[in-house]
Amino acid sequence: QVQLVESGGGSVQAGGSLRLTCQASGYTYPANSYCIAWFRQTPGKRHEGVAAIYTDGTQQYVADSVKGRFTIAQDNRKHTASLQMNAVKPEDTARYYCAAVEARFLETMSNPDEYPYWGQGTQVTVSS
């Protein structure tokens with residue numbers, strides 16, 4: 001089945017930039033048939049939707065909390081989805097996960113319960 005691996009996490013100063021990459025493998029349907037999303041989680045809290053994108057490029061979602069600062073992109077030839085994080089804030093500190101679902105089954109792009117495939121996460125820490 002689909003496997004996802006995140007990379008690019010680390011420590012960064014407030015106002016700086018960071019780029020996260022989600023590498024997918026094991027697609028059982030064409031690579032342009034999925035939605036790939038980024039969620040983040042802090043201790044004791046539920047996953048928060050950050051951004052998501054259909055791999056055919058027809059639709060995307062960006063959370064209000066990061067709109068104007070974060071950008072999501074995908075490359076269905078390389079089977080990757082990236083989250084470009086600019087002007088980061090201390091409140092962006094979290095573990096970031098990528099997740100995937102066949103787009104035809106998706107109802108709400110920001111709902112983590114609709115994504116059956118998840119990566120292991122990568123930590124992002126923003127210092128002031």
Flag, side chain of [X] to backbone of [Y], donor-acceptor distance under 3.5 Å:
| X | Y | result |
| --- | --- | --- |
| Glu6 | Gly121 | yes |
| Gln74 | His79 | no |
| Thr21 | Ser7 | no |
| Glu114 | Thr108 | yes |

Could you tell me which non-hydrogen atom of [X] sits nearest to which non-hydrogen atom of [Y], and how far apart they are?
| X | Y | value |
| --- | --- | --- |
| Tyr97 | Gly119 | CD2-O, 3.6 Å |
| Ala73 | Ile53 | CA-CD1, 4.1 Å |
| Cys35 | Met109 | SG-CE, 3.7 Å |
| Gln120 | Leu4 | OE1-O, 3.8 Å |
| Thr42 | Ala94 | CG2-CB, 3.8 Å |
| Ala100 | Pro116 | O-CD, 3.2 Å |

Quiz item: cation-pi between Arg104 and Tyr29, 6.0 Å / 45°
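Yes - Arg104 lies over the ring of Tyr29, closer than 6.0 Å to its centre and within 45° of its axis.
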Assess whether side-chain contact (heavy atoms from CB on, under 4.5 Å) is satisfied between Asp92 and Val124, documenting all intermediate values.
CA-CA 8 Å; Asp92 294 322; Val124 172; 5.5 Å; no
Might you confirm whether atom CD of Gln3 has over 12 heavy atoms from other residues, nucleotides or ligands at distances under 6.0 Å?
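Incorrect, the count does not exceed 12.
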Around Glu91, counting heavy atoms of other residues, nucleotides and ligands shown, do more than 12 lie under 6.0 Å from its CD?
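Yes, enclosed.
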Quick one: [atom1] on [X] to [atom2] on [Y], what's the gap to the nearest 0.5 Å?
| X | Y | atom1 | atom2 | result |
| --- | --- | --- | --- | --- |
| Thr55 | Tyr34 | OG1 | OH | 8.5 Å |
| Thr125 | Leu18 | OG1 | CG | 10.0 Å |
| Arg40 | Met85 | CZ | CE | 7.0 Å |
| Tyr27 | Tyr117 | OH | OH | 11.0 Å |
| Trp118 | Cys98 | CH2 | SG | 9.0 Å |
| Ser127 | Gln13 | OG | CD | 5.5 Å |

Check for me, please, whether [X] and [Y] land in the same ILVMFWY cluster - side-chain distances under 4.5 Å, paths through other members count.
| X | Y | result |
| --- | --- | --- |
| Val88 | Val50 | yes |
| Val126 | Phe70 | yes |
| Val62 | Trp38 | yes |
| Leu20 | Val12 | yes |

Among Asn32, Asn76, Leu106, which residue meets the side-chain contact (heavy atoms from CB on, under 4.5 Å) test with Tyr54?
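Output: one option passes, namely Leu106.
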Does the side chain of [X] reach to within under 4.5 Å of the side chain of [Y], using non-hydrogen atoms?
| X | Y | answer |
| --- | --- | --- |
| Gln60 | Ile72 | yes |
| Arg46 | Gln41 | no |
| Lys78 | Gln23 | no |

Ser17-Asn86 side chain donor-acceptor pair, cut-off 3.5 Å
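Ser17 vs Asn86: donor-acceptor pair found between side chains.
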Determine, stepwise, if the pair Ser65 / Glu48 fulfils side-chain contact (heavy atoms from CB on, under 4.5 Å).
CA-CA 10 Å; Ser65 60; Glu48 174 192 6; 3.3 Å; yes
Going by the angle between their ring planes, with limits at 30° and 60°, are Phe39 and His47 parallel, tilted or perpendicular?
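Because their plane-to-plane angle is over 60°, the rings of Phe39 and His47 count as perpendicular.
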Below 4.0 angstrom, N of the basic side chain to O of the carboxylate: do Asp64 and Lys67 qualify?
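Looking at Lys67 together with Asp64, the answer is yes, because their closest N to O distance falls below 4.0 Å.
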